[in-house]
Amino acid sequence: MAASGIFIGLTESDILAIRDKAVAMLKEGKTIMSYSDSGTNVSKQFVMPVKEVLAECKMALQQLDPDTYGRRTTIIRTDWRQFDGF
């Protein structure tokens, strides 16, 4: 899934905080946390898959400061050999 830009408009510090939390959860192997006690079950899940969160953060940071976080580039490849007569 391509990034949709949902973090665009947030401050750099907010985006970095979201990214850092996603990275920490990834390192710990925690994307879903559960607690169970005497028949009471509680579970907490990161809102989006970590991979998607990181892609959204990257996109927002690149738009916010392309000199620091890199510029987005679009690459289109076409194999003209597939067309007869070319």
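The first residue in the sequence is number 1, and the count goes up from there.
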Colleague: When you compare the side chain of Ile18 with that of Leu10, does any pair of heavy atoms fall below 4.5 Å?
Modeller: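 A side-chain contact exists here, since the closest heavy-atom pair is under 4.5 Å.
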Colleague: State, with a plain yes or no, whether a side-chain heavy atom of Arg19 is found less than 4.5 Å away from one of Val53.
Modeller: no
Colleague: Take Asp14 and Phe7, measure what side-chain contact (heavy atoms from CB on, under 4.5 Å) needs, and give me the verdict at the end.
Modeller: CA-CA 9 Å; Asp14 286 340; Phe7 295 154; over 6 Å; no
Colleague: Could you pull out all donor-acceptor pairs under 3.5 Å where a side-chain atom in residues 56-66 meets a protein atom, sequence neighbours excluded?
Modeller:
residue: Glu56; atom: OE1; partner: Ser4; partner atom: N; Å: 3.4
residue: Glu56; atom: OE1; partner: Gly5; partner atom: N; Å: 2.9
residue: Glu56; atom: OE1; partner: Ile6; partner atom: N; Å: 3.2
residue: Glu56; atom: OE2; partner: Ser4; partner atom: N; Å: 2.7
residue: Glu56; atom: OE2; partner: Ser4; partner atom: OG; Å: 3.1
residue: Asp65; atom: OD1; partner: Asp67; partner atom: N; Å: 3.4
residue: Asp65; atom: OD1; partner: Thr68; partner atom: N; Å: 3.4
residue: Asp65; atom: OD1; partner: Thr68; partner atom: OG1; Å: 3.4
residue: Asp65; atom: OD2; partner: Thr68; partner atom: OG1; Å: 2.7

Colleague: Taking side-chain contact (heavy atoms from CB on, under 4.5 Å) as the test, write out the residues that go with Asp20, two or more places apart.
Modeller: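 Asp20 satisfies side-chain contact (heavy atoms from CB on, under 4.5 Å) with no residue once adjacent residues are dropped.
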Colleague: When rounded to the nearest 0.5 angstrom, what is the spacing between CD1 in Ile15 and OH in Tyr69?
Modeller: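 If we round to the nearest 0.5 Å, Ile15:CD1 and Tyr69:OH are 8.5 Å apart.
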